[in-house]
Amino acid sequence: MDALILRFDAPLMSFGGVRVDQHNVSERFPGLSLFAGLLSNALGWHHRDGDRIGHLQERLVVASRWDILGEAIVDYHTVDLGQPKMREAGWTTRGKPEHRDGGPDARFGTHQRYRHYWANGVLTSALLLAPADDSPTLEALESALRRPARPLFLGRKTCLPGAPILLGRRSGTDVLSILKSVPRATCAHRPAPPAMAARWPADLGQAREEQIRPIHDQRDWHNQWHAGSRQVAEGLITETPSCT
């Protein structure tokens with residue numbers, strides 16, 4: 001089977017988790033909804049295309065690892081929603097400007113926000129489609145990532161990639177073995193341990209019971225809310241040496 005190899009290399013990344021009060025937390029690994037949104041954005045799809053985005057999400061099979069583990073940071077800031085609009089409308093993935101006009105309602109006022117990020121990390125993922133012959137194909141996704149219809153970001157619009165996301169394609173027996181065969185990203189200023197933190201589908205059968213956990217990383221794209229759960233495995237892996 002063939003898989004696309006993606007590499008997230010950015011000053012900041014955020015993999016949206018379950019929000020608690022004013023805390024916009026980040027999961028340790030990107031979820032299926034993030035990959036579905038990233039690929040749909042590259043293809044030029046819109047939020048109104050919820051049915052086909054959802055079908056793409058259902059077909060995704062992904063394994064990810066931290067080549068260089070990012071540092072967990074929290075960005076604290078405030079916003080006064082009662083103030084009149086102070087700046088020009090901003091760009092959005094919906095393809096039209098967006099802004100808030102503010103208002104006198106008592107519910108407005110100064111709000112606190114805590115946004116969680118991974119800083120200065122490098123994450124590599126292997127991504128394949130099942131079934132492989134539906135639309136869009138792996139070839140269509142590869143072409144879209146090479147020349148995306150819109151700017152891409154890693155979780156939030158402020159998280160811009162510092163390098164091209166697409167590394168290329170690889171073949172293997174399953175998505176985890178493909179990921180292990182990809183050479184690890186290195187950084188001379190940040191020595192890394194020999195094993196890498198990783199997540200892969202639990203149904204591959206390559207995990208101990210204590211490595212399996214439930215996650216909630218899917219989105220109902222038609223109704224625009226998060227829904228659905230699945231089992232994944234998380235543990236340490238090493239890259240598979242190439243034959244010479």
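Quick caveat, the model's predicted, so the values are computed rather than measured.
For Ser125 against Phe35, the heavy-atom pair with the smallest separation is OG-CZ, 3.5 Å. Of all heavy-atom pairs between Arg146 and Gly168, the closest is NH2-CA, 4.4 Å. When all heavy atoms are compared, the tightest approach of Leu141 to Pro136 is CD2-CG, 4.0 Å. Residues Ala10 and Leu154 share a closest heavy-atom pair of CB-CD1, 3.8 Å. Residues His55 and Asp134 share a closest heavy-atom pair of NE2-OD2, 3.2 Å. Listed here is the closest heavy atom pair of Leu34 and Ser14: CD1-O, 3.9 Å.
Side-chain atoms of Arg7 and Thr124 include a donor-acceptor pair closer than 3.5 Å. The closest side-chain donor-acceptor pair between His116 and Asp75, if any, does not fall under 3.5 angstrom.
Using a 4.5 Å heavy-atom cutoff, the side chains of Thr240 and Ser177 are not in contact. Proximity of Arg170 to Leu179: side-chain heavy atoms (C-beta onward) are nowhere separated by under 4.5 Å. Within the 4.5 Å cutoff, no side-chain heavy atoms of Lys180 are placed close to those of Glu239. By the 4.5 Å heavy-atom criterion applied to side chains, Leu123 and Asp9 are not counted as neighbours. Leu128 has its side chain out of reach of Asp2: every pair of non-hydrogen atoms, C-beta onward, lies at least 4.5 Å apart. Contact check for Arg219 versus Trp225: no side-chain heavy atoms found under the 4.5 Å cut-off. Here the side chains of Leu127 and Val61 are not in contact, with every heavy-atom distance at 4.5 Å or above. Annotation: side chain of Ile178 is in contact with side chain of Met1 (closest heavy-atom distance under 4.5 Å).
Criterion: ILVMFWY side-chain heavy atoms under 4.5 Å apart, direct or through other members. Under it, Leu32 and Leu43 are part of a common hydrophobic cluster. No single ILVMFWY cluster, assembled from side-chain heavy atoms under 4.5 Å apart, contains both Ile237 and Phe8. Clustering ILVMFWY residues whenever any of their side-chain heavy atoms sit less than 4.5 angstrom apart, transitively, puts Trp200 in the very cluster that holds Ile5. Leu129 and Ile53 fall within the same hydrophobic cluster, where Ile, Leu, Val, Met, Phe, Trp and Tyr residues are linked whenever their side-chain heavy atoms come under 4.5 Å apart, directly or through other members. Residues Val175 and Ile165 do not share a hydrophobic cluster, defined by chaining ILVMFWY side chains whose heavy atoms lie under 4.5 Å apart.
With salt bridges taken as basic N to acidic carboxylate O contacts below 4.0 Å, one links Glu139 and Arg169. Ion pair Glu234/Arg65 not flagged as a salt bridge, since none of the NZ, NE, NH1 or NH2 atoms sits closer than 4.0 Å to an Asp/Glu carboxylate oxygen. A salt bridge links Asp217 with Arg230: at least one charged nitrogen is closer than 4.0 Å to a carboxylate oxygen.
One N or O on the side chain of Ser40 and one on the backbone of Ala36 form a donor-acceptor pair closer than 3.5 Å. In this structure, the side chain of Gln57 does not engage the main chain of Gln218 through any donor-acceptor pair within 3.5 Å. Remark: the backbone N or O of Ala140 is not paired with any side-chain donor or acceptor of Ser143 at under 3.5 angstrom. Here the side chain of Trp118 pairs no donor or acceptor atom with the backbone of Pro11 at under 3.5 angstrom. One N or O on the side chain of Asp49 and one on the backbone of His46 form a donor-acceptor pair closer than 3.5 Å. Distance alone, capped at 3.5 Å, is enough to place a donor-acceptor pair between the Arg59 side chain and the Pro131 backbone. Checked by atom type and distance alone, the side chain of Asp220 pairs as donor or acceptor with a backbone atom of His222 at under 3.5 Å. Proximity of a side-chain donor or acceptor of Trp66 to a complementary backbone N or O of Phe29 within less than 3.5 Å is not detected.
For the pair Arg115 and Tyr76, the cation-pi test (distance below 6.0 Å, angle within 45°) is failed. Judged by the 6.0 Å distance and 45° axis criteria, Arg52 is positioned over the aromatic ring of Trp45.
Of the inter-residue distances, the one linking Leu12 atom CG with Cys159 atom SG reads 5.5 Å to the nearest 0.5 angstrom. For the atom pair Met13 CE and Thr158 OG1, the distance stands at 12.5 Å (nearest 0.5 Å). Taking CD of Gln231 as the start and CD1 of Ile212 as the end, the distance is 7.0 Å to the nearest 0.5 Å.
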Kindly indicate, with the supporting measurements, whether the criterion side-chain hydrogen bond (donor to acceptor under 3.5 Å, both in side chains) is fulfilled by Ser64 and Arg199. CA-CA 5 Å; Ser64 301; Arg199 173 188 285 178; over 6 Å; no
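The hydrophobic cluster around Val232 extends to Ile215, counting ILVMFWY residues whose side-chain heavy atoms fall within less than 4.5 Å of a member. Other residues sharing the hydrophobic cluster of Ile68, ordered by chain and number and joined by side-chain separations under 4.5 Å: Val122.
Remark: Leu145 engages Leu4, Leu6, Leu39, Ala42, Leu152, Leu166 in a side-chain contact (heavy atoms from CB on, under 4.5 Å) (not counting sequence neighbours).
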